[in-house]
Amino acid sequence: MADRKCCGVSAVKVALAVLLVVMTMVCITLMALMLTPTTHTGSDPDPQNPPYLIGVGRADCTGPPAEIPLMGYANPQQKAAGIHTRLYSRAFIVDDGNQRVVFVTADIGMISQRLRLEVLRALKEKYGTLYRRDNVVLSGTHTHCGPAGYFQYTLFMITSNGYIKAVVEPLVNGIVKSIDIAHSNMRPGRIYRNKGELEDSSLNRSPHSYLNNPKEERNRYKWNTDKQVLVLKFTDLDGDGIGMISWFAVHAVSMNYTNRMVSSDNMGYASYLLEQDKNRGELPGQGSFVAGFSSSNLGDASPNIKGPHCMNTGLPCDYLNSSCPVGGTKECKAFGPGEDMFDSTRIIGHNVYMKAKELYASAVQEVTGQVRFAHQWVNMTDVTVQINGTHTVSTCKPALGHSFAAGTTDGGGDLNFTQGAVEGDPFWDGIRDTLLGSPSNQTKECHHPKPILFSTGEMNWPLPWHPQIVDVQIITIGAVAVIAVPGEMTTMSGRRLRQAVREELESEGTFKDTEVVIAGLSNIYTHYITTYEEYQVQRYEGASTIFGPHTLTAYLHKYRGLARAIAQNKVSELPAGPEPPFFTENLFNLMAAAAVDRKPENSSFGDILEQVYPIYRQGDVVSVTFVAGNPRHSGDIREKTFVTVEMYDNRTETWEVVHTDASWETRFHWLKGTNRQSNATIEWYVPSSAPSGSYRIRHFGHYKEMKGLRPVITAYEGSSDIFRVTESFYQQ
Ligand SMILES: *[C@@H]1O[C@H](CO)[C@@H](O)[C@H](O)[C@H]1NC(C)=O
Ligand SMILES: *[C@@H]1O[C@H](CO)[C@@H](O)[C@H](O)[C@H]1NC(C)=O
Ligand SMILES: *[C@@H]1O[C@H](CO)[C@@H](O)[C@H](O)[C@H]1NC(C)=O
Ligand SMILES: *[C@@H]1O[C@H](CO)[C@@H](O)[C@H](O)[C@H]1NC(C)=O
Ligand SMILES: *[C@@H]1O[C@H](CO)[C@@H](O)[C@H](O)[C@H]1NC(C)=O
Ligand SMILES: *[C@@H]1O[C@H](CO)[C@@H](O)[C@H](O)[C@H]1NC(C)=O
Ligand SMILES: *[C@@H]1O[C@H](CO)[C@@H](O)[C@H](O)[C@H]1NC(C)=O
Ligand SMILES: *[C@@H]1O[C@H](CO)[C@@H](O)[C@H](O)[C@H]1NC(C)=O
Ligand SMILES: *[C@@H]1O[C@H](CO)[C@@H](O)[C@H](O)[C@H]1NC(C)=O
């Protein structure tokens, strides 16, 4: 009893003491909470893991949206004629206090060697040696609806109508500006990684090639495309999100080659949705949160997930050569998942956005550790690698096979070429030999079994047709490694490369639980990279593996070298390799200057040709047509707009801009007629969220006229009548 009493008293004392301690802790926690309004797992200060310095930036890089060919399908009819969505460059800078890396993902088909060299020159001029070949990665999202003309090799200049300054400048300036913005807002922050799988958003478009890979290898994977979405979440020290990068392997070809508007396609739309989400109340392209959706090993991954069928008969295409019984290759096209290409773009973009958003919200695995990077220039025409102990294999001078001209089920190929061809066609070979010269026996043998259509490595007039010097590069942030790949790797090529790089990084013990991801279409474009086995089948991807059957083997060797150097901290011992050329002569431009504009008699530029109706409901499409000038006369259009949708604010008695030409809801079509007259039709797809009220649509542009012998460019603008939007009829 006594003991009990005694102990009872002391138990009360202990309980009081505990209570006091607990209350004190609660108080301290509450004070801490008040001091840092948002808390986060691993919130600062965390002495074990010093924060990174992080900067994010986004800048418009949209080029002239008229008359210039669009880059991707190489379809001469597909020339720009307006804007669906704008193109942006998104930059992310990470610094560990000692070293820094820059990762840029831009809404363009691919980075070209010329573009990268011009960006690096501009960065050198501004920042000295801070941003260089080895710590800057530039990657393209692979949209097929951006202006072409930013290449210095002949093959690309031919399909782009040349090297076009008016296209190169906004790209260089937009990319550099996104880096400037990221550079100027660098602050201490943290990075978290997360990954998951996204189904129903990609389909292998060359399953026959994929099936040629060894069975044991295929058995290790559930799918014949990579379904992985990897997310890096960037926060400040308060845990507030400042940006995100995600990688997913799918072609940005939801918009097909009949589209003529500049568009960022499905990946750009995913960026758009996440940025609109995080930058509430801002117009598209504005607000501080930056969301990059980067390309990956998308070589054989199509977003047209209903798959290919014959457009004329509706029947399935031939499995082996993707051609149709009637009409051949050009009738075989892949579709879906939406009703039309806009709907398909919306669905795929939305799927990728939703997955990334979920992974972003639940990301808790912090990325810590050093920032490292390795880069080399490689002459890809003669890389020799020892395989199987003694056997030596070698890459070839670049060449494209016959199936390259067949295009894919996602578009291209108007001639009678068919995929899967391992034998040439005497008809086309004859034309080729007459016009361009025949491939040498050495090149033919090297590329076997590819029947060579264009021996680009042996064609040098007026400049080489294809590059020889290629960038290989890896950057690591803690245990996340980003492999910058100079082209389009197929699913299995990408898997082999990721595994090889992971093995090398982890071999030294410094890297553990490493996440390796491929950033596709980076730094320079060299078409496709298939596995040796896929190459044997010679579908489009194999025919477009330009350095021959051992291209992947050579890259595995080179990237292993980079990864080992990073793991061993011996990057400084890597030779830089041969510097790529920067051609100053023989670049050609086939684009004539934009002609003077004419207008219908008694009208002015900006006048209405077709007026809006007085009233619309949510879900309707408002359409208005203006007398227009050629958008090429508007010069540098970055951070501007050809279109505003404005709503009248009765309280302030002002017009408020609710959409621009960057908005998903607007479409700006520029139509050129005969007689040099042109018009601009602006459509507004009124969303169900549009408030009832009074609206107007305005159009801004420039026209060119001759004053005597002098061309003069003048700005104009026009406005629709005021119209009302009401709630849907049945809701009223
Ligand atoms: C494609 O392959 C089928 C057999 O699978 C063949 O009948 C057809 O002729 C081929 N088409 C072309 C254009 O080569
Ligand atoms: C492109 O998409 C449109 C629908 O938006 C469709 O009518 C057309 O057939 C498609 N063309 C090709 C070649 O896929
Ligand atoms: C690449 O290597 C080949 C073969 O050694 C050589 O002929 C060619 O000049 C090299 N290319 C460049 C741009 O250095
Ligand atoms: C290398 O060896 C493996 C197994 O012995 C064989 O299957 C493969 O074909 C060889 N590769 C080459 C390119 O000879
Ligand atoms: C392609 O078209 C040409 C000319 O019409 C013809 O001579 C040739 O045989 C065709 N090739 C194939 C594979 O159909
Ligand atoms: C190329 O190969 C063909 C067929 O084997 C042969 O007839 C020809 O002489 C060779 N050309 C040269 C330049 O060696
Ligand atoms: C243009 O205006 C003039 C003078 O008002 C008039 O005579 C002429 O018929 C008009 N032309 C057209 C096409 O409306
Ligand atoms: C706009 O221009 C196109 C091409 O000349 C023409 O077909 C169309 O009728 C014009 N639209 C209007 C409303 O004038
Ligand atoms: C704004 O004012 C106009 C004119 O006074 C009126 O017709 C309209 O209904 C008002 N709009 C709203 C949303 O209240």
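Counting from 1, the numbers follow the sequence of the chain as shown. In listed order, ligands and their atoms are each counted from 1. None of these values were measured; they are calculated from a predicted model.
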Verdict with supporting geometry, Cys317 and Cys310, disulfide bond (SG atoms under 2.5 Å apart): CA-CA 6 Å; Cys317 313; Cys310 299; 4.2 Å; no
Please verify the inter-ring angle class for Trp684 with His659; under 30° counts as parallel, over 60° as perpendicular, anything in between as tilted. tilted
Tell me, please: is Gly328 in heavy-atom contact with ligand 1, that is, under 4.0 Å? no
Positive for ring-ring contact (aromatic ring centres under 6.0 Å, His included) with His466, one of Tyr525, Phe454, Phe156: Phe156
The atoms of ligand 8 lying under 4.0 Å from a heavy atom of Thr625, numbered in the order shown, are 13 (C)
Filter on side-chain hydrogen bond (donor to acceptor under 3.5 Å, both in side chains), then keep only pairs touching residues 708-718, sequence neighbours left out; what's left? Arg698-Glu717, His699-Tyr716
Check ligand 7 for close polar pairs with the protein: N or O on both sides, less than 3.5 Å.
residue: ligand 7; atom: 2 (O); partner: Asn602; partner atom: OD1; Å: 3.3
residue: ligand 7; atom: 2 (O); partner: Asn602; partner atom: ND2; Å: 2.2
residue: ligand 7; atom: 11 (N); partner: Asn602; partner atom: ND2; Å: 2.9
residue: ligand 7; atom: 14 (O); partner: Asn602; partner atom: ND2; Å: 3.4

Qualifying residues under side chain to side chain contact (heavy atoms under 4.5 Å, CB included), relative to Ser403, sequence neighbours excluded: Ala421, Ala543
Residue pairs passing the disulfide bond (SG atoms under 2.5 Å apart) test where at least one lies in residues 409-451, sequence neighbours excluded: Cys396-Cys446
For Asp318, take its heavy atoms, then give the atoms of ligand 1 lying under 4.0 Å from any of them. 1 (C), 2 (O), 3 (C), 4 (C), 5 (O)
A student checking ligand 8 against Asn679 at a 4.0 Å heavy-atom cut-off should list atoms 1 (C), 2 (O), 3 (C), 8 (C), 10 (C), 11 (N), 12 (C), 14 (O)
Pairwise side-chain contact, Tyr257 with His144, heavy-atom cut-off 4.5 Å (strictly under): no
Any side-chain heavy-atom pair from Val167 and Pro64 closer than 4.5 angstrom? yes
